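The shown structure was predicted, so the numbers you read here are calculated from the model rather than taken from an experiment. In what follows, every chain begins at residue 1, and chains take the letters A, B, ... in the order their sequences are listed. These numbers come from the heavy atoms of this one structure, side chains and all, not from hydrogens, waters or symmetry mates.
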Amino acid sequence: MDFLRPTSWAEALEAKAAHPGAVPIAGGTDVMVELNFDRHRPEALLDLNQVTELQQWAEDGTRIRLGAGVTYTRIIEELGDPLPGLAMASRTVGSPQIRNRGTVAGNLGAASPAGDAHPPLLATGAEIRVASTRGTRTLRAEDFYTGVKRNALEPDELIEAVVLEKAKGPQQFAKIGTRNAMVISVAAFAIALDPEAGTVGTGIGSAAPTPRRARDAETFLAGELAAHGLWETRGAIPDSLTREFGERVRRAASPIDDVRGTAAYRLHSLAVMARRTLGWAWADLQNDQRKAS
Amino acid sequence: MSQMSTRTKQPVGAPTSATNTESGRIGDSPLRPDGTLKVTGEFAYASDLWMDDMIWGVTLRSPHPHARIRSIDIGPALATPGVYAVLTADDIPGRNAVGLEFDDQPALATGVVRYQGEPVALVAADHPEIARQAAKKVVVDYELLPVVSDSRAALEPDSPKVHDGGNLVRHLKIRKGDQSVKAPVVVSTDFEVGMQDQAFLGPESGLAVPAEDGGVDLYVATQWLHVDQKQICNVLGLPPEKVRLTLAGVGGAFGGREDLSMHVHACLLAMHTGKPVKMVYNREESFFGHVHRHPARMRFEYGAQPDGRLVYGKAEIIFDGGAYASSTAAVVGNGGTLGMGPYVFPSVTVDCYGVYTNNPPCGAMRGFGCVQAAFAHESLMDELADAVGASRIGVRELNGMTEGAENITGQVIDSAAPVAELIRKVAELPLPPADTGSDLRSMPGGVANTTHGEGVRRGVGYAVTYKNIGFSEGFDDYSTARVRLEVVNHEPVATVHTAAAEVGQGLITIEQQIARTELGVQRVVVHPKDTSVGSGGSTSASRQTYVTGGAVKAACEAVRRTVLARAARTLGAEDLVLDGGKVVSRSGEVLADLVDVLGEVPVEETVEWRHRPTEAIDPETGQGNAHVQYAFSAHRAVVDVDVELGLVKVVALDTAQDVGRALNPAAVIGQIQGGSAQGMGLALMEEIIVSDGHIRNPSFTDYLIPTILDMPPMQIEVLEYADPHAPYGVRGVGEPPTISSGPAVAAAIRQATGLPLRRVPIRPEHIAGLVE
Ligand SMILES: Cc1cc2nc3c(=O)[nH]c(=O)nc-3n(C[C@H](O)[C@H](O)[C@H](O)COP(=O)(O)OP(=O)(O)OC[C@H]3O[C@@H](n4cnc5c(N)ncnc54)[C@H](O)[C@@H]3O)c2cc1C
């Protein structure tokens, strides 16, 4: 097995073009597990850790451009304010050791339905910037996941960065695991509110072949909040509305039974998480208003 | 001390003598020789063993839980460059049969495989990767057979048979008192316990080195060198002096290393190739490579007076032993004789069964048969309390054993049995604050942010349990210790040699403390554990401090007698003691240096030490003095349960335990903390999920054990009621906490949720009401 170590982004893209079968390795927290279990025998590994461009994040107007190599630990420590949803999800990944190495691009590369970064990326409308020697393209997160552990990357493409809007309102993330740390999600949910635009974003994890949005729940909730004038008044959301939101999130999922949990429990927990995270997000919004006035 | 002349070279990573010069007698907590090394990552585990000319062995295992082997073609595997040997059952020189109690298990499958993961063939190659690839080229033609996967159905007459003799391993009966007695209050329950794994962190590993005398030296992480040796001798067709075992660094055991894993396989490959052979399981293979805790299905009934006083107890317990017996019969012995808990029952009816199925083999694990039953008897005690309107503590105080009480096999408990005191002690410990604050880590679900208090209810649960210490039912349970006292560099040095396995519990330190105490010397060397001294018995049943400790004490006493007799002769004085490297009179006057008394002539004594004998129980009534010692413990668990999502945070897990005498108080606390975590793990999350004989979660990704964020701080009350029959008054410590902690956690969750919850591990879907 070859071990390719490009030191610049251009070199990395050339290496990938020359060796489309080479497996990129960022933190290695998925790749090394696959290798150790002998699930894959790639012809080459393409180590991206020397590509310093990838380890940076930068502000770009209203957006954050998160280089592919930025670790969860840095997201938690440096980006909690502009990217609260992603930071909350990052905090639930593995253990300190895993967070010190693991990256969002790695989560995207692995494209596991249980990846914790996916729900906030979906809920906040993040874009994935991918590149090859042929050029660069930008994909919406929801178009990136194509199947169980499959994504939209072409064989010669690498993930360059994830581009996210700085939070325009409250964001929340919740994840079910059968122990209180270091656990793969049984079901996860993310919500992002944009009170200016009057929109709601959602993301569901571990409850369908791919991470997915609950679109119907989003439009329903945004519409009802508008209809009740709640975006302006920020008054209490009626219970019936919260409940219906939870139901619609539940209906967006299509989970399976496995050793980590039953489909019935996944559906149930999604409805509960949707209700609770909406409640917390709304309370944040109300607090903001109180602070502002 | 006799050295082995046949051993030519030692592998790197082989154990060396423990020679730390700490002080510390019994009752102190000296630093352990392995402590710093383990924390800094420098400790040599068995997986670190190395010889430059070694080759690597791997095991080909059955993918099927039950199948006939039509043929095995090793040709393509053997033809792989780099491969030295491919062995099957046909290559076994001796008897192809191993097993702890009955040798019902082939070392390599012949004719039929009875569980998924059963070893079928072995490959040795000069690189582990080549060996693994070659193993995939072994062609085994299987004909699938019906899978016996339900332990109750396995007992039906029309069930397919796992072994020719039928599916019953043991049926233990207890019939005590009036068998037709009735009671005004009757409570009953069915309870089920899932399959727990020992989940030791150091996977099975060892190195077998062929010796010039035609024998083999095996360095291995194990629990009982001599019982391994006996089985290996059978398979290799060699006498014990040709099969020499040395304990390599052990990364946890908990019962899972009592049976053979790679031991005999590495020896077979080494003998066949003439080369040192190393074998190391990976995590997944480890789940197939050792026995697990028996899953149990139980039906319990108590009859009581209106005030809660027990009139009778009935129990049916079925342990799923899986494909081979391992220690199932002894687990049935414990579950049957101890499974009603530490209570006094005038009448008892127990039927306890161990059965064969095509599930993974089950055997020893910390708590050994008592853990499973404790969930049933403690949940039923709570029900009894509720039925008669008594407090859960009160009903236990009322019925709890006391010293002099008779247990259900008619044995009189002849040392402390402080059931009422233990349960009262934990009840009196301060409770955690009702509000645990806003830190997510204190919430059910932790930082995964599933609740900020919504749906969270507090529950408190109690359990009190007991367990036998040492081997029971007439087993000749002994340990051997060789102690030598000599002058080295003008200093008196004691060397302690036993074959008792240090598996991380701190036995080496205890051996040093005892020798320092008995011989009054500072320097105590502990010789590597090996078979050049007699058996130390198993490191299980919480027995080593008691039994090997007893042997070391007795050997030291024998050495001391010889030394003092020598001193008495030269000094012309009587009534001498050893202290601080001196020979001292009773009145404290220093009469001579020990160094001078010893001179050039070392004193060495070897002692085989036994605890009081136990008896087989009557096959019809189950009556008899089955056990030598009993250990009691109680837990109080406080939990916060998110009743909507079914997630649990254990807020406090407090305990009281009688340890007889704490020879090393820090080690006692360590055992209690670790044991409590392991018991809690079974209540909340630890389960090998088996369907149709297949393990579905053989990884630490999906077999969950508690992390530091799951384990609450503990308040620990250690009672020391010395057992007058045991050396120094010690009482086994390691297992009791594993038995009482889980039932307390389960009880607390029942209290918080109001749900019956008759199965552990309790999963979120059970609490959320999504499973009946
Ligand atoms: C003990 C443990 C616990 C874990 N817990 C969690 C958890 O709680 N939640 C969770 O979501 N995950 C968890 N994981 C999985 C893993 O840590 C995450 O998926 C992490 O995000 C992977 O990031 P990485 O940088 O280590 O990826 P790598 O292992 O380096 O790569 C993962 C995949 O992405 C590809 N890749 C990486 N970078 C690029 C790039 N720039 N362009 C194209 N492809 C790329 C790789 O080729 C590979 O296919 C855990 C893993 C372990 C070992």
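For I708(B), no part sits under 4.5 Å from any heavy atom of chain A, backbone or side chain. Heavy atoms of F189(A) lying under 4.5 Å from chain B are absent altogether. At a 4.5 Å heavy-atom cutoff, P761(B) makes no contact with chain A through either its backbone or its side chain. Both the backbone and the side chain of L709(B) come within less than 4.5 Å of a heavy atom in chain A. Contact annotation for R266(A): neither backbone nor side-chain heavy atoms come within less than 4.5 Å of a heavy atom of chain B. Using a 4.5 Å cut-off between heavy atoms, L704(B) touches chain A through backbone and side chain atoms alike. Heavy atoms closer than 4.5 Å to chain B are found nowhere in N36(A), neither backbone nor side chain. Residue V183(A) touches chain B through its side chain alone, counting heavy-atom pairs closer than 4.5 Å. Both the backbone and the side chain of T451(B) come within contact range of chain A, with heavy atoms under 4.5 Å apart. Interface remark: R763(B) contributes side-chain atoms only to the contact with chain A (heavy atom separation under 4.5 Å). For chain A, the nearby part of Q133(B) is the side chain; its heavy atoms alone come within less than 4.5 Å. I184(A) touches chain B through its side chain: at least one heavy atom from C-beta onward sits under 4.5 Å away, while N, CA, C and O do not.
Judged by distance alone, the side chains of R212(A) and S254(A) do bring a donor and an acceptor atom under 3.5 Å apart. Side chains of N100(A) and T73(A): a donor on one and an acceptor on the other come within 3.5 Å. For the 3.5 Å distance criterion, the side chains of E34(A) and H40(A) qualify, holding a donor opposite an acceptor. In this model, a donor atom of one side chain and an acceptor atom of the other lie less than 3.5 Å apart for T707(B) and D710(B).
Taking every heavy atom of both residues into account, H292(B) and P360(B) meet most closely at CD2-CB, 3.6 Å. Smallest separation of non-hydrogen atoms from D642(B) and R276(A): OD2-NH1, 2.6 Å. Pairing each heavy atom of Y703(B) with each of D197(B), the nearest pair is OH-N, 2.7 Å.
A salt bridge links E247(A) to R250(A): at least one charged side-chain nitrogen sits closer than 4.0 Å to a carboxylate oxygen. A salt bridge is defined here as a Lys NZ or Arg NE, NH1 or NH2 lying under 4.0 Å from an Asp or Glu carboxylate O, and R260(A) with D258(A) fails to meet this definition.
Considering only heavy-atom pairs separated by less than 4.5 Å from chain A, the leading option among K649(B), R696(B), E454(B) is E454(B). Between chain B and the options H268(A), M273(A), M182(A), heavy-atom pairs under 4.5 Å are most frequent for H268(A). Among the candidates M443(B), E129(B), E284(B), E687(B), the residue making the largest number of heavy-atom pairs closer than 4.5 Å to chain A is E129(B).
The aromatic rings of H452(B) and W280(A) lie parallel to each other, with less than 30° between the two planes, well short of the 60° mark.
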